[in-house]
Amino acid sequence: MKNKLRIVFLGTPEFAVPSLDMLVEQGHDVCAVITQPDRPKGRGHKMIAPPVKQRALELGIPVYQYEKLSREGLQLLQELAPDLMITAAYGQMLSSKVLAVPPYGCINVHASLLPEYRGAAPIERAVIEGKAQTGVTTMYTVRAMDAGDILEQDILPILPEDTGGSVRAKLSQIGAGTLQRTIEKLIAGTLKRTPQDESKVTYAPMFERGFGKVDFTQSAQQICDLIRGANPEPGAYAMLDGLKIKLTFAQVAQGSGTPGQILMSDPKQGLIVGAGDGAVRIMRLQYPGAKEMDAGDFLRGRGKLLQQGMQFEQ
RNA sequence: CGCGGGGUAGAGCAGUUCGGUAGCUCGUCGGGCUCAUAACCCGGAGGUCAUGAGGUUCAAAUCCCAUCCCCGCAA
């Protein structure tokens, strides 16, 4: 076997960029990058190119974008004739015809310890559910979502101060290493494949609209895990007077009281809210129209808006 | 041309409706009190009020115009 492969890379968000970089640095022939189409995003509906596209253009790699790759891009893939395809958070399911193009198959980088957390939001779900560790898995891509044979895995402990964003950043880097090792073993002929234990499968579906509203009847620990896991995306929040107040960092605090009620509101002592079990100290928050800031800063300037005794809506 | 909020001292805000000495809570610096302190008292420094040799005016943070940046919603 050759020791440098001709590869088509399929990926979309920031998470996939380190893996793309790695392939190039390792000297593989990344002959094309396929990514999701540019989308109108943000204020003003400006068209935004996916991070992987931006990086590919910097690297001088041809970029192709399809609404439906399986229908529109099959011929291109066949003409490119890659040895191997790599997917990393691409965002589309691939047809069996597409998967059949590269002789060495299609390998996916997934941000969980499969068979746990198959699906679109494995990183945030792991933090939100209070897991002590998560990781990255490489596996062969099959037609069922994240169900292919496992190739290589790396484990990452989730620290108490970790957020969805911090874990995502770490796994993004780790994933490049996992993928590198996977390809090295593939080339060396020592790669082993392990079927997933179907009895241990769990799913991490995409977050539905409205997700992230804090349920203050949960335990203080559960609330804090939701807040940090959902930070920065999709975001955790509480409603007060019809306003959505984003909560971006919290700690378990002393005390107890009515769930959702502000037990203390003081620039020095902090913002304490009752939980179903215990209480949480809101450390950082974001009021509509304002920047994210420390709770103390907010109370110093706009403390009238979050006074002791006020009740977050359930 | 998607809808809306906002840019005032190192931080968070008030003042803008009805133009007329730039203020509050903190932080910071100095001093005091205290066994001590994130407490308390006294004093000080710190701001071209986002930008524009813009417009109106005797006078603009405030009214008008343009531009830049930030945030929420919606996608």
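Hydrogens, waters and symmetry mates play no part in the numbers below; they use all other heavy atoms, side chains included.
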Looking at G47(B), which nucleotide sits across from it as a Watson-Crick or G-U wobble partner, both distances under 3.5 angstrom, or is there none? none
Starting at CD of E233(A) and ending at P of C71(B), how long is that distance when rounded to a whole Å? 12 Å
Please give the distance between the C1' atoms of C49(B) and G23(B) as a whole number of Å. 12 Å
Could you measure between the two P atoms, the one in G15(B) and the one in C63(B), and give it in whole Å? 12 Å
Atom pair distance, as rounded to whole Å: CG in L305(A) and P in C13(B): 10 Å
Residues N108(A) and T87(A): side-chain donor-acceptor under 3.5 angstrom: yes
Write down the partner of C73(B) under the Watson-Crick or G-U wobble criteria, each distance required to be under 3.5 Å. G2(B)
For residues D154(A) and T178(A), is any side-chain donor paired with an opposing acceptor at under 3.5 Å? yes
Within less than 4.0 Å of OP1 or OP2 of A75(B), is there a side-chain N or O belonging to K46(A)? no
Please say whether more than 12 non-hydrogen atoms of neighbouring residues, nucleotides or ligands are located less than 6.0 Å from CD in E58(A). yes
Side chain of M293(A) only, please: which of U25(B), G12(B), C73(B) is the nearest? G12(B)
Who does G30(B) pair with, Watson-Crick or G-U, both distances under 3.5 Å? C42(B)
Re U37(B): Watson-Crick or G-U wobble partner, both distances kept under 3.5 Å, found to be none
Suppose we define a pair by two distances each less than 3.5 Å, Watson-Crick or G-U wobble; what does C68(B) pair with here? G7(B)
Can you tell me how far P in A36(B) sits from the matching atom in U48(B), rounded to whole Å? 40 Å
What's the gap between C26(B) and U16(B) when it is taken at their P atoms, as a whole Å value? 23 Å
Given C13(B), G72(B), C26(B), the nucleotide with the shortest approach to the side chain of K246(A): G72(B)
Between G30(B) and A14(B), how far is it from one P atom to the other, in whole Å? 32 Å
Closer than 4.0 Å, any side-chain N/O of K268(A) to the OP1 or OP2 of C26(B)? no
Write down the distance between CG (L243(A)) and C1' (C71(B)), rounded to a whole number of angstrom. 14 Å
Dump the intermediate steps for side-chain contact (heavy atoms from CB on, under 4.5 Å) on L151(A) and L186(A), then the final yes or no. CA-CA 10 Å; L151(A) 300 172; L186(A) 174 70; over 6 Å; no
Reference residue Q36(A); test side-chain hydrogen bond (donor to acceptor under 3.5 Å, both in side chains); the match among Q65(A), E67(A), K53(A), Q92(A): Q92(A)
Expressed as a whole number of Å, how far does the C1' atom of G4(B) sit from that of A75(B)? 15 Å
Base partner of U57(B), which must satisfy Watson-Crick or wobble distances under 3.5 Å: none
OP1, OP2 of C71(B) versus side-chain N and O of Q286(A): anything below 4.0 Å? no
Rounded to the nearest Å, what distance is computed from the CG atom of residue L299(A) to the C1' atom of nucleotide A11(B)? 13 Å
Over all atoms of both residues, closest heavy-atom pair of V8(A) and C31(A): CG2-SG, 3.8 Å
Between C73(B), C13(B), U25(B), which one does the side chain of R302(A) approach most closely? C13(B)
Using a 4.0 Å heavy-atom cut-off across all strands, classify G296(A) as base, sugar-phosphate, or nothing. nothing
For C73(B), take OP1 and OP2 only and decide whether either is under 4.0 Å from a side-chain N or O of R43(A). no
Heavy-atom closest pair, residues P122(A) and S112(A): CB-CB, 3.8 Å
Please report the distance, rounded to the nearest Å, between CG in L271(A) and P in U25(B). 21 Å
Rounding to an integer number of Å, can you tell me how far R300(A) CZ sits from U25(B) C1'? 7 Å
Indicate, with a heavy-atom threshold strictly under 4.0 Å, whether K41(A) touches base, sugar-phosphate, or nothing. base
What is the distance from CG of L306(A) to C1' of C13(B), rounded to the nearest Å? 14 Å
Euclidean distance for C1', A50(B) against G7(B) (whole angstrom): 6 Å
Find the distance F298(A):CZ to G72(B):C1' and express it as a whole number of Å. 13 Å
Can you tell me, in whole Å, how much space there is between the C1' of A60(B) and that of U21(B)? 15 Å
